[in-house]
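Written below as structure tokens is the structure these notes are about.
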Amino acid sequence: MDEGAAVPIAEPWEERRFLLDVAHRMLGDPGAAERVVDETYQRWYGLSDAARRRIAVPRSWLAETVGGICSGRGEAAYGQPSEAGEEAGEEAGRTVLDALRSRRTRATAPHRHDGVVRAVCRACVTEDGELLTSLLCPDVTAFFDGGGKVRAPTGPVHGSRPVADSLLTLLPRRPHTTLTTHSVNGRTGLVARYGHQVAAVISLDVAHDRVARFWVVLNPDKLRSWNRPRAAVTPCSPPSSGRPPGPGCARS
């Protein structure tokens with residue numbers, strides 16, 4: 001992994017909600033609380049990689065920063081985001097967009113693409129690292145878009161084993177966390193939910209029956225449309241049931 005590290009999908013979701021609660025209690029204004037939390041993550045990404053690694057408990061640092069901004073003790077004036085943090089957050093999003101523009105052009109038949117994605121889903125659900133690694137190209141790359149609004153890797157992850165490890169860290173088997181197949185940008189992709197909220201949308205580029213690239217969207221702003229009421233997704237049967245899997249792959 002080049003920069004930063006993946007964290008379980010529930011962690012950034014709960015973390016942002018906790019920070020919003022802190023800011024809301026201090027300010028009494030939901031809109032202002034959102035701006036404070038955005039500023040807090042901008043400051044987080046304004047730190048160097050080495051400085052972030054030295055912070056043993058990121059949530060504590062983030063909560064202290066929220067409190068400092070709300071009480072006027074922050075280094076920058078409230079409502080004025082730090083340029084370094086803002087640029088760092090936006091850079092992750094630009095990286096993903098640039099990668100979408102440079103997608104591999106050779107097409108994979110839809111049924112073969114769907115089969116690979118379902119296999120990746122099952123490997124993640126069962127936390128089978130060896131199977132997941134075998135489904136990836138040796139030079140696979142994963143891009144993460146947190147938009148500077150949640151903690152996420154700020155650089156691409158390269159190689160089948162590092163990418164598999166990142167996905168299994170992001171999508172651990174935990175209560176209230178589910179993973180399903182779903183149409184994403186016109187092709188089958190993956191959707192991770194925490195509780196009833198979509199926490200990540202994952203697009204995959206398949207080449208020669210293996211995944212060549214992943215695009216993992218974690219930015220809560222980009223996920224708002226996904227969190228509108230939608231039709232239910234059919235989960236796959238649990239591995240122990242002995243029945244063939246359905247069109248989706250899920251765990252709870």
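Predicted, not measured: the structure shown is a model, and the values here were computed from it. Note: hydrogens, waters and symmetry copies are ignored here, and every other heavy atom, side chains too, is used.
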Side chain to side chain donor-acceptor pair (under 3.5 Å) partners of [X], counting only residues at least two apart:
X    : value
T188 : D114
D29  : none
R224 : D221
Q197 : none

How many angstroms lie between atom [atom1] of [X] and atom [atom2] of [Y], to the nearest 0.5 angstrom?
X    : Y    : atom1 : atom2 : result
H24  : R17  : NE2   : CZ    : 15.0 Å
D209 : H113 : CG    : NE2   : 11.5 Å
R210 : S160 : CZ    : OG    : 8.0 Å
R213 : L136 : CZ    : CG    : 14.0 Å
S48  : R54  : OG    : CZ    : 6.0 Å
F144 : I202 : CZ    : CD1   : 8.0 Å

- Check the pair R193 / T180 against side-chain contact (heavy atoms from CB on, under 4.5 Å), numbers first and verdict last. CA-CA 8 Å; R193 288 176 173 84; T180 60; 3.4 Å; yes
Using the rule side-chain contact (heavy atoms from CB on, under 4.5 Å), only one of [options] pairs with [X]; which is it?
X    : options          : answer
S203 : V217, N185, V216 : N185
V37  : V22, L62, L20    : L20
W215 : D205, D145, L204 : D205

- What residues form a salt bridge (charged side-chain N to carboxylate O under 4.0 Å, His left out) with R161, not counting sequence neighbours?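 By the salt bridge (charged side-chain N to carboxylate O under 4.0 Å, His left out) rule, R161 matches E130, D165.
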- With sequence neighbours left out, what residues match D38 under salt bridge (charged side-chain N to carboxylate O under 4.0 Å, His left out)?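 Residues passing salt bridge (charged side-chain N to carboxylate O under 4.0 Å, His left out) with D38: R16, K149.
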- side-chain contact (heavy atoms from CB on, under 4.5 Å) between T177 and L171: does it pass, once the steps are laid out? CA-CA 8 Å; T177 301; L171 305 165; 5.6 Å; no
Can you name the nearest heavy-atom pair linking [X] to [Y], along with the distance?
X    : Y    : value
P220 : V150 : CD-CG1, 4.0 Å
L218 : A199 : CD2-O, 3.6 Å
Y194 : P175 : CE1-O, 4.1 Å
G147 : N219 : CA-ND2, 3.5 Å
T133 : A164 : OG1-CB, 3.5 Å
G189 : V184 : CA-CG2, 3.9 Å

- Does D128 use its side chain to pair, donor to acceptor, with the backbone of C124 at less than 3.5 Å?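 Checked: no pair found.
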- Task: Using modelled atom types only, decide if a donor and an acceptor are shared between the side chain of T108 and the backbone of V206 within a distance under 3.5 Å.
- Result: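 Yes, because the side chain of T108 sits within donor-acceptor range (under 3.5 Å) of the backbone of V206.
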- Task: Could you go through the side-chain contact (heavy atoms from CB on, under 4.5 Å) check for V163 and T141 one step at a time?
- Result: CA-CA 7 Å; V163 168; T141 300; 5.9 Å; no
For [X], all residues meeting side chain to side chain contact (heavy atoms under 4.5 Å, CB included), sequence neighbours excluded:
X    : value
L135 : A119, V120, A123, L131
S183 : none
I55  : W44, L47, W61
R59  : E14, E15, F18

- Are Y41 and L19 side-chain neighbours, meaning at least one heavy-atom pair lies under 4.5 Å?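 Yes, at least one pair of side-chain atoms sits under 4.5 Å.
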- Heavy-atom check, side chain of V36 versus side chain of M26, under 4.5 Å: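 No, too far: nothing below the 4.5 Å cut-off.
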- Item | Flag if over 12 foreign heavy atoms under 6.0 Å of CZ, R112 |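 Not buried by this count: 12 neighbours or fewer within 6.0 Å.
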- Item | Salt-bridge criterion met for E39 and R35 (N-O under 4.0 Å) |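 Looking at R35 together with E39, the answer is no, because their closest N to O distance does not fall below 4.0 Å.
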